[in-house]
Amino acid sequence: MSITIVNPCNERKPIAARAKRLQTLAGKAVVLLDISKPGGNVFLDRLERLLVERYAVAHVARETKPTYTKPAPVQLIEKLRNFDAVIEALAD
Amino acid sequence: MIEAGNKVPQFRLNPIDGESYLLVFLETDCPTCRLSMPYLNRLAKQGAQVVGVSQDSETLTREFARQTSAVFPIEVDSDLRISRAYDPVAVPAFVLVSSDGYVKRAHIGFDKDELNTIASEMGRGTIADAHDGAPPRKPGCSSRHLEPSDTMASAEPLNIYAALGSRASRVEVSEDPYEYCMREFGDPLPVVPPTVDRVERMMGGLDPRQVIGMVPPCYGEATIEKIAANAVMAGCEPGMMEVLLPVVRAACDERLNLHGVQATTHFAAPLIVVNGPIRRKLGFACGQNVFSNVARANSTLGRALQLILRNLGGAEPNGIDMSTLGNPAKFSYCIAENEEQSPWEPLHVELGFGVHQSTVTLFAAEAPHGVSEHRARSAKGVLKAISHAMATVWSYRACMGTEALVVLGLEHARTIHGDGFRKEDVREFLFNKTGIPMRAYDDDGDGTNQTHLYQEIIIDGERCYQKFRSPENISIVVAGGGAGKFSAVIGSWAAGPRGSQRVTYPCPSLL
């Protein structure tokens, strides 16, 4: 015997599909998104060097969220679209 | 727009002749107009003549008046004749008219100072409290008569407060439904299976498709049906929807910033504080064991919110909810204030709601930090003990970034009140006596790199940094049982407009 229950979970479809994953970082433009946590720059400086030296990334740009406590503003997200990859970098 | 000194146009708005009145232009889908309503109700309840002018249809206006519990008349100006005559550029627009029919003041948008000035000019008391959780100012929406006209447009303006979502799908379960629900939807304690019958009873005739909010961080659609299904699972009785719907709306309020609260590595979880007559009606406990497993109402309301945050908000504890250590509050965290035995006005009255109104307050909270003080016999003695606990909120040496909710036990509250302290005196005393000695800052650690932002203060002869930004960062609630000289301090997550702000919503009658 079965019973019928009401689905209590979210059933909205995601509005966008996940971006395709890159096969290689070589020659790509990568943006590092600093979420404004203390120490973020220390981590990102090192990461930026590694991306260029070890993975031959062509161009590394930096963007910063105004605060780590809230989602990024739409304008900032739009800027990120100009790159092949985004690395959102936490810190602490 | 009509200005101070102008004679007002002649319309039959039915104010009592020879008395000044406040005319308020409103739109039913304007969030700022809704924000203004509790303050206007407060003014009207003090006997001031308030007349609303709605720029929408009678149907929408009736619904608006019901949802906002309007206690003053609202004229329907759907043909915008009155609006064109007064010509406000935006709503809400406030026009204070003197007894002889001249405009005394005209103002656009929500502004607490302006509302208090209007109340004062009408000979009434303050209606807008600075620290009630609402912003000091907020712009409104363009007045309907200035919107581009479109001869093809015939539909009613979109009422975002009555947006309709989709019906929930049905799931056929052929295995043990308790095992199934616990595995698929649980927290992970057993839940009551949300059968169609149970969910119907929980909704009590409300529209299942009505959207109450979009729940961060994944913005799932919280329709009344989805909320009811989670309420059933949590074990709520059907009457609980009267409180749960405003709880969900408060949880989705941007000021609470659930997006951050649910994703942070910190301990924060939303604490619900219930105030007003609804406590008795639905059986909320506010005495002994108030934070624990004492009453079905407290436990199930808190749990219903947590299930909603997980099932609709997507805050999976193995995924997007990144809390390092978590918090037992993520099973359920709900208290009610012991208003009957408190020596002071309860939290919601302090925030400007009526004593006969019921409210829910949400606060992004750490677990309660107990304060035992059995030897102090004076208000100052008790409060000093509490201030020592308050100094440790977030991290001992981190100042200015957090808030605290102080839950005073009854014995402490009586001792403090017995020395003549009003609630604001308690807040002021705790603000001025909570600090970290500057000698504690001689090595590196959380909070030591930001001392240039801190305020210096002398506490008992010692130079300290003040813990909180202002007395408004300290909220006070009285709760608990009659025996035991205990209180609790509850720290917040990152506070203020960039973090999470406490929010309070009224519980309107659903029928």
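The sequence lines fix the lettering, A, B, ..., with proteins before strands; numbering per chain opens at 1. Predicted model only: the values in this text are computed from it and were never measured.
- Distance alone, capped at 3.5 Å, is enough to place a donor-acceptor pair between the N257(B) side chain and the T69(A) backbone.
- Interface remark: Y180(B) contributes side-chain atoms only to the contact with chain A (heavy atom separation under 4.5 Å).
- When all heavy atoms of K37(A) and T265(B) are compared, the closest pair comes out as NZ-OG1, 4.3 Å.
- One distance of note links OG1 of T4(A) with CG of D197(B); it measures 10.0 Å at 0.5 Å rounding.
- At most 12 non-hydrogen atoms from other residues, nucleotides or ligands lie less than 6.0 angstrom from CD of E254(B).
- Atom CZ of R209(B) has 12 or fewer heavy atoms from other residues, nucleotides or ligands within 6.0 Å.
- Interface residue M214(B): only side-chain heavy atoms are found under 4.5 Å from chain A.
- Although no hydrogens or angles enter the test, the distance criterion places no donor-acceptor pair under 3.5 Å between the side chain of R498(B) and the main chain of K70(A).
- Open room surrounds CZ on R18(A); 12 or fewer heavy atoms of other groups in view lie less than 6.0 Å from it.
- Taking chain A as the reference chain and counting heavy-atom pairs below 4.5 Å, the highest number among R310(B), E221(B), M233(B) is found for E221(B).
- Contact between S174(B) and S2(A) at its shortest, heavy atoms only, is CA-CB, 3.8 Å.
- The two atoms that bring I5(A) and C181(B) nearest to each other are CD1-SG, 3.8 Å, heavy atoms only.
- If you measure heavy-atom distances from V199(B) to chain A, the contacts under 4.5 Å come from the side chain alone.
- Options P193(B), G499(B), P194(B), G260(B) differ in how many heavy-atom pairs under 4.5 Å they form with chain A, and the most are formed by P194(B).
- Listed options E184(B), E172(B), E225(B) were ranked by heavy-atom pairs under 4.5 angstrom with chain A; first place goes to E172(B).
- Heavy-atom neighbours of Y55(A) OH from other residues, nucleotides or ligands within 6.0 Å: at or below the threshold of 12.
- Heavy-atom contacts from other residues, nucleotides or ligands closer than 6.0 Å to CZ of R54(A) number 12 or fewer.
- For the atom pair CG (N7(A)) and NZ (K226(B)), the distance works out to 4.0 Å, reported to the nearest 0.5 Å.
- Interface remark: P208(B) contributes no atoms to any contact with chain A (heavy atom separation under 4.5 Å).
- At a cut-off of 3.5 Å, with distance as the only test, a side-chain donor of E11(A) or S169(B) sits close to an acceptor on the other residue.
- The residue among V215(B), V196(B), I227(B), N449(B) with the most heavy atom pairs within less than 4.5 Å of chain A is V196(B).
- Within 6.0 Å of CG in D444(B) there are 12 or fewer heavy atoms belonging to other residues, nucleotides or ligands.
- Summarising the local packing, CZ of F267(B) is surrounded by 12 or fewer heavy atoms from other residues, nucleotides or ligands at distances under 6.0 Å.
- Nearest heavy atoms, C9(A) versus L312(B): C-CD2, 3.7 Å.
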